[in-house]
Amino acid sequence: MAASTLPMPSADAQAHSAHLREVIQEQIIAAGGRIPFWKFMELALYAPGLGYYSAGAHKFGPGGDFTTAPERSPLFAACVADALAPALRQAGKGAVFMEVGGGSGAFAEACLEKLQADGVPSARYAILEPSADLRQRQRERLQARLPAELFARVEWLDGPISEPWDGVLFANEVIDALPTPRFAIRAGEVLEECVSLDGEGRFVRAEQPADPMLAAAVRRVESQLPAPFADGYRSEVLAQLPYWLQAVAGGLRNGALLFIDYGYSRGEYYQPGRDDGTLRAFRQHHVTNDVFAWPGLQDITASVDFTALAEAGVGAGFEFSGYCSQASFLLGNRLQENLAAAEAQTADEVARHNLRQQAKILTLPSEMGERFQAIGFQRGVELDAAFLVGDLSHRL
C-alpha cells in the first residue's frame, strides 16, 4: 500500500519528522550536497532522540508499525529456548544468553520463563539494545511480568561483551535494520547510491563513484552469480557485515550464534528481476517503497543476504551449524510440544484456538514460515541438531 493511503501522522509526529528532516538536510548540505544512502538510513533510524528506533514512537505489535514473531506468540521464544538450551548447558554455569535488539521485551520474557521451567543454567540474560527508549520499555515490561529473582538476571549492555565469555547470542530481525550501502551499475561501473536534495529541499536519489570497499564487495557478489549485473541494476550489499558480526560477538569463546530474519540466499537475492533491491519502509503495518517519507516515523529495512551472513560467521572463526526456513526451525525445535503444553495450561477454548492460530502465523508459507529464515553457528558447543528439519544449506 502506498504511503499516501495511510492516515496522516498527528501534528506532534509531523513536527518530530520535520525536525529530523532538517537535521538530515543539514548533513547533506554540510557534506557538499549528498550523503551515502547508508548514512541517510542511519540518521533516519538511529539519530539520537529523533531516529525511528531512538525516539518514543510505539513500534511493535498491533498498535505499532510492524509485528515481529515474539509479539505474535510466546511459542516462538519457547522454541528458540529449546534450540539453544543444549549450547547453554554445554557452555556451563556462567553461560550468558545475549539478545541483540530486545524489541518490546516480549522475547526475553517468554525465553527466560521457558529456560527457568526447563532448568537451563543462564547466570546472565544480557540485552544489547542501543535505543534508550526501547531499553526503558523492556525494563518496565520485564520488571512488571517476571518474578523478582528472574528479573534480577537481566542486564542491559552499552556495547558487546569485550571480555571472554561463554554462552549464546540471538538476534531476531536485527540485521535487516543495519544501515546498508546501496549500489547501481552504470556502463559497467559500480556507483554508490546517495541521497541529495532537489530545488525544494526534498530527498532524491543521487550517485557517486563507489569507494574501493563497496566496489570490491559488489564485484565479489557478481562473480558468484550466473551473469553480470545488467546496466541500471540497483541493490544493496552489506559490506560491513563481517565486521559487525565480529564486533557484536565480542569475546565469545565457546558458544552459539543464532539469527532469524527475512531474506534470501545470494542467488535469490540478486536475481535479475529484483533490479531495484529489497529496500522498503513500514508504517502502521503497511509497506511502502517511499523510504524518504516521514523520516523518524517509519522503519526502513532491507532483506538479508544469508550467503553473506554464512560467510561472515565462518570468517569470524565459527563453525556453520545450519540454515532453514523459520517454519522448519520451529517445527524442528518442539513447536508441537510447546503448543500442546501451552494449550494444556488453559481451560479456555478461545485461548487454545488463538494459540493454534499463532502457530499457523509463525509457520505457514503465506505468513512468516517461509519469508523468514534461521541460520546458526557454533564454537565449542553443538547447535547442529537445531537444523535437522528442512535444511537449506545447499542453497547458500
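Predicted, not measured: the structure shown is a model, and the values here were computed from it.
Below 30°, between 30° and 60°, or above 60°: for Phe259 and Phe377 the angle between ring planes is above 60°, a perpendicular geometry. Ring orientation note: the planes of Phe292 and Phe37 are tilted relative to one another, at an angle of 30° to 60°. Between Phe151 and Trp156, the ring planes lie tilted relative to each other; the angle falls in the 30° to 60° range.
With 3.5 Å as the limit, one finds no donor-acceptor pair spanning the side chains of Glu236 and Thr180. Side-chain contact annotation: Asp384 with Ser321, donor-acceptor N/O pair under 3.5 Å absent. When only modelled atom types and interatomic distance are considered, Thr363 and Gln326 share no side-chain donor-acceptor pair under 3.5 Å. A donor-acceptor contact closer than 3.5 angstrom is absent between the side chains of Gln14 and Ser17. A side-chain donor-acceptor contact under 3.5 Å links Asp82 and Asn338. Side-chain contact, Ser393 with Asp391: a donor N or O sits under 3.5 Å from an acceptor N or O. In the model, Gln116 has a side-chain atom that pairs as donor or acceptor with a side-chain atom of Arg153 under 3.5 Å.
Side-chain atoms of Trp294 never come within 3.5 Å of backbone atoms of Met8 as a donor-acceptor pair (strictly under, hydrogens ignored). A distance-only check finds no donor-acceptor pair linking the side chain of Glu200 to the backbone of Arg202 [under 3.5 Å].
Counting heavy atoms from C-beta outward, Ile28 and Val195 have side chains that approach closer than 4.5 Å. In this structure, the side chains of Leu146 and Glu113 come closer than 4.5 Å at one or more pairs of heavy atoms. Within the 4.5 Å cutoff, side-chain heavy atoms of Gln25 are placed close to those of Leu197. Side-chain contact between Ile175 and Leu309: present, with at least one pair of heavy atoms (C-beta onward) separated by less than 4.5 Å. For the pair Ile24 and Pro295, the minimum side-chain heavy-atom distance is below 4.5 Å. Within the 4.5 Å cutoff, the side chain of Pro70 has heavy atoms near those of the Asn172 side chain. A 4.5 Å side-chain heavy-atom check between Leu43 and Gln27 finds at least one atom pair inside the cut-off. Proximity of Val381 to Pro86: side-chain heavy atoms (C-beta onward) are nowhere separated by under 4.5 Å.
The shortest non-hydrogen separation linking Ala110 to Ala77 is CB-CB, 3.5 Å. Closest heavy-atom contact between Leu50 and His19: CD2-ND1, 3.7 Å.
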Inset, instruction - Take Tyr323 and Phe387, measure what ring pair (Phe, Tyr, Trp, His ring centres under 6.0 Å) needs, and give me the verdict at the end. - result: CA-CA 7 Å; Tyr323 168 61; Phe387 295 92; 8.5 Å; no
Inset, instruction - Could you check Val100 against Phe170 for side chain to side chain contact (heavy atoms under 4.5 Å, CB included), going step by step and ending with a plain yes or no? - result: CA-CA 6 Å; Val100 183; Phe170 173 67; over 6 Å; no
Inset, instruction - With side chain to side chain contact (heavy atoms under 4.5 Å, CB included) as the test, would you mind laying out the steps for Phe306 and Ser265 before giving the verdict? - result: CA-CA 5 Å; Phe306 276 92; Ser265 63; 5.6 Å; no
Inset, instruction - With salt bridge (charged side-chain N to carboxylate O under 4.0 Å, His left out) as the test, would you mind laying out the steps for Glu189 and Arg186 before giving the verdict? - result: CA-CA 5 Å; Glu189 296 298 317; Arg186 300 288 182 201; over 6 Å; no
Legend entry - Derivation and outcome, side chain to side chain donor-acceptor pair (under 3.5 Å), residues Glu140 and Gln136: CA-CA 6 Å; Glu140 290 172 357; Gln136 184 59 31; 2.9 Å; yes
Legend entry - Test side chain to side chain donor-acceptor pair (under 3.5 Å) applied to Asp261 and Gln373, step by step: CA-CA 6 Å; Asp261 222 314; Gln373 280 90 54; over 6 Å; no
Inset, instruction - Dump the intermediate steps for side chain to side chain contact (heavy atoms under 4.5 Å, CB included) on Gln298 and Phe282, then the final yes or no. - result: CA-CA 6 Å; Gln298 61 179 12; Phe282 289 90; over 6 Å; no
Inset, instruction - Would you please test Leu252 and Ile161 for side chain to side chain contact (heavy atoms under 4.5 Å, CB included) and show each step? - result: CA-CA 8 Å; Leu252 180 59; Ile161 304 172; over 6 Å; no
Inset, instruction - Start with the C-alpha gap between Tyr262 and Thr301, add the side-chain angles, then the distance that decides, and say whether side chain to side chain donor-acceptor pair (under 3.5 Å) holds. - result: CA-CA 10 Å; Tyr262 48 84; Thr301 178; 2.4 Å; yes
Inset, instruction - Please test Asp133 against Tyr53 for side chain to side chain donor-acceptor pair (under 3.5 Å), starting from the C-alpha separation and ending with a verdict. - result: CA-CA 8 Å; Asp133 170 63; Tyr53 285 106; over 6 Å; no
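Residues Arg135 and Asp158 are paired through a salt bridge, judged by an N-O separation under 4.0 Å between the basic side chain and the carboxylate. A salt bridge does not link Glu319 to Arg379: none of the charged nitrogens lies less than 4.0 Å from a carboxylate oxygen. Ion pair Glu193/Arg234 flagged as a salt bridge, since at least one NZ, NE, NH1 or NH2 atom sits closer than 4.0 Å to an Asp/Glu carboxylate oxygen. A salt bridge links Arg395 and Glu268; the closest N-O separation between the charged side-chain nitrogens and carboxylate oxygens is under 4.0 Å. Between Arg205 and Glu192 there is no salt bridge, since none of the side-chain N atoms of the basic residue sits less than 4.0 Å from a carboxylate O of the acidic one. A salt bridge links Arg182 with Asp276; the closest basic N to acidic carboxylate O contact falls under 4.0 Å. Glu207 and Arg34 are not joined by a salt bridge, as no carboxylate oxygen comes within less than 4.0 angstrom of a charged side-chain nitrogen. Looking at Glu42 and Lys39, a side-chain N of the basic residue comes within less than 4.0 Å of a carboxylate O on the acidic one, giving a salt bridge. One finds a salt bridge joining Glu311 and Arg220 here, because a Lys/Arg side-chain nitrogen approaches an Asp/Glu carboxylate oxygen to under 4.0 Å.
Following chains of ILVMFWY side-chain contacts shorter than 4.5 Å, one cannot reach Val291 starting from Trp38, and the two form parts of different hydrophobic clusters. In the hydrophobic cluster analysis, where Ile, Leu, Val, Met, Phe, Trp and Tyr join through side-chain heavy atoms closer than 4.5 angstrom, Val314 is grouped together with Val248.
Hydrophobic cluster of Ile185: the remaining members, joined at side-chain heavy-atom separations below 4.5 Å, are Phe183, Val190, Leu214, Val218, Val221, Leu225, Phe229, Tyr233, Val237, Tyr264, Tyr269, Tyr270, listed by chain and number.
Applying the side chain to side chain donor-acceptor pair (under 3.5 Å) criterion to Thr307, with sequence neighbours excluded, gives no partner residue. Applying the ring pair (Phe, Tyr, Trp, His ring centres under 6.0 Å) test to Phe318 and every residue at least two apart in sequence or in another chain returns nothing.
When Arg145, Gln138, Arg137 are each tested for a side-chain contact (heavy atoms from CB on, under 4.5 Å) with Arg141, only one passes: Arg145.
With a 6.0 Å radius and a threshold of 12 heavy atoms from other residues, nucleotides or ligands, Glu337 has its CD atom above the threshold.
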